Amino acid sequence: MKQLIVFSVAAATAFASHTVVAQAPQSPELAARSYLLLDMTANRVLTEYDADKPNDPASLTKLMTAYVVFGALRDKKLTLEQTLPVSKRAWDERKGDPSLMFIDTLMTPKVEELLKGMIVQSGNDASVALAEGVAGSTEQFVAMMNRQVQAWGLKNTEFKNVTGMTEPGHKSSARDLSVIASHLIRDFPEYYSYYSQKDFTFNKIRQENRNLLLRRDPTVDGMKTGYTDAAGYCLVTSAQRDFPNGKRRLLSVVMGTASKEARANESQKLLNWGYTSFDAVRLFDKDQAIATVPVWKGAAPEAKLGAAGAVFVAVPRGDGAKLQTKIERTDPLVAPLTKGQRVGTVKVSTAAGVAVSEVPLVVLDAVPQAGLLGRAWDSLRLWIK
């Protein structure tokens, strides 16, 4: 019968601790309707305010538009060099003075040009042309966007269009947008550099990226601005800074500020607070054995267990040396065991017992079944046990 085994593991950290354990950091005050700060390296939300409240996302919508287009590129339904027609519907996006790439029906821009027009210039016309190129119509493309929303379990997001123009029922939340943005960064790193581009010229019209932090903070490398009267000024920002134990990426979502300057300033405030108030502690390296445990009916007597990748946790500055790490796993472990097979959980908590992180515990090296005699002998031993 399987039982739960719990034991402590010494955390191998390259962390210089302070002599005084810091109190939980006080979150900054932001002039925004809602916000969230995610430590992507440690996969932990550092602070949030009304992060689940549905809001008008404005052009932050285009994060999901881009994700679906990148998926089409991955699946080879499109190529970056492929040209696409510009429909009258795409050209009609000029109405109402929106953000534009300034394409017209006589043009056949390349997919990569349209991507830059959508990401750097926030072009509504480019968004529509890409959507029609992928799905045949914007309606079909919106359906693809919403299927992805459902696949990720985003409860406060529903898209009605591909551009972010205000429309009844078109909504998202700071938390849901952080999920979309982090998936975009992780799933399509080959395209993420578009978000750091400071300007783009098309048809002799040069437009600057509206993300002011790209020019103010050299560690900021994306992502997307948004504005409508209903949404206010919004900004999703990602920054990556170097630390002694590796690179650390933070992602901020700020919604409903009063101006372009305000969304940049509040986002910068949030990022700086996250980097200075929390330490990223590297607990284990990729493929590092956290525990070596007995295996029954296996060709090898033991199995090495660890995490699939490097394990980082974010803790208030000065608390890193006080972390407690435990393993929970089922026992006995019976072969065959495959590489990467999950057999338990690594749980990290503070000295006070507050949960910090949970990481899947996996088999690092496969253990095949033993021969007939070996399996019979271990069956007898298990019966006696």
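Note that the structure is predicted; figures quoted are calculated from it, not measured. Only heavy atoms go into these numbers, but all of them, side chains included; no hydrogens, no water, no symmetry mates.
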- Query: So, the side chain of Q197 versus the backbone of D199: is there a donor-acceptor pair under 3.5 Å, distance only?
  - Reply: yes
- Task: Report yes or no: do T157 and D176 form a side-chain donor-acceptor pair below 3.5 Å?
- Result: yes
- Task: Using the six-membered ring wherever Trp is involved, compare the ring planes of H183 and W152 and label them parallel, tilted or perpendicular (cut-offs 30° and 60°).
- Result: parallel
- Item | Residue pair T65 / K62, side-chain donor-acceptor N/O under 3.5 Å | no
- Message: When you compare the side chains of T225 and N211, does any donor N or O come within less than 3.5 Å of an acceptor on the partner?
- Response: no
- Task: Please work out whether the ring planes of Y191 and F70 are parallel, tilted or perpendicular, with thresholds of 30° and 60°.
- Result: parallel
- K155 versus S173, side-chain donor and acceptor atoms under 3.5 Å: no
- Audit row: V254, L270, side-chain contact (heavy atoms from CB on, under 4.5 Å) steps and yes/no: CA-CA 9 Å; V254 174; L270 200 54; 4.2 Å; yes
- Item | Sole candidate of N203, V128, D125 that passes side chain to side chain contact (heavy atoms under 4.5 Å, CB included) when paired with I103 | D125
- Message: Using a strict threshold of under 4.0 Å (side-chain N to carboxylate O), is an ion pair present between D39 and R248?
- Response: yes
- Query: Are the ring centres of F102 and F202 closer than 6.0 Å?
  - Reply: no
- Task: Please name the residue in the list I327, V362, V293, L333 that meets the side chain to side chain contact (heavy atoms under 4.5 Å, CB included) test with V343.
- Result: L333
- Message: Quiz question: by atom type and distance under 3.5 Å, do the side chains of T292 and E302 form a donor-acceptor pair?
- Response: no
- Item | Residues in salt bridge (charged side-chain N to carboxylate O under 4.0 Å, His left out) contact with R241, at least two apart in sequence or another chain | D217
- Message: According to side-chain hydrogen bond (donor to acceptor under 3.5 Å, both in side chains), who are the partners of N146, at least two apart in sequence or on a separate chain?
- Response: none
- Item | Under 3.5 Å side-chain donor-acceptor pair for R44 and S357 | no
- Taking atom types as modelled, is there a side-chain donor on E261 or Y233 under 3.5 Å from an acceptor on the other? no
- Query: How about Y192 and D221: does a side-chain donor come under 3.5 Å of a side-chain acceptor?
  - Reply: yes
- D187 versus Y67, side-chain donor and acceptor atoms under 3.5 Å: yes
- Query: Cut-off 3.5 Å, side chains only: do N55 and S34 have a donor facing an acceptor?
  - Reply: yes
- Do R317 and S277 meet the criterion of a side-chain donor-acceptor pair at a distance under 3.5 Å? no
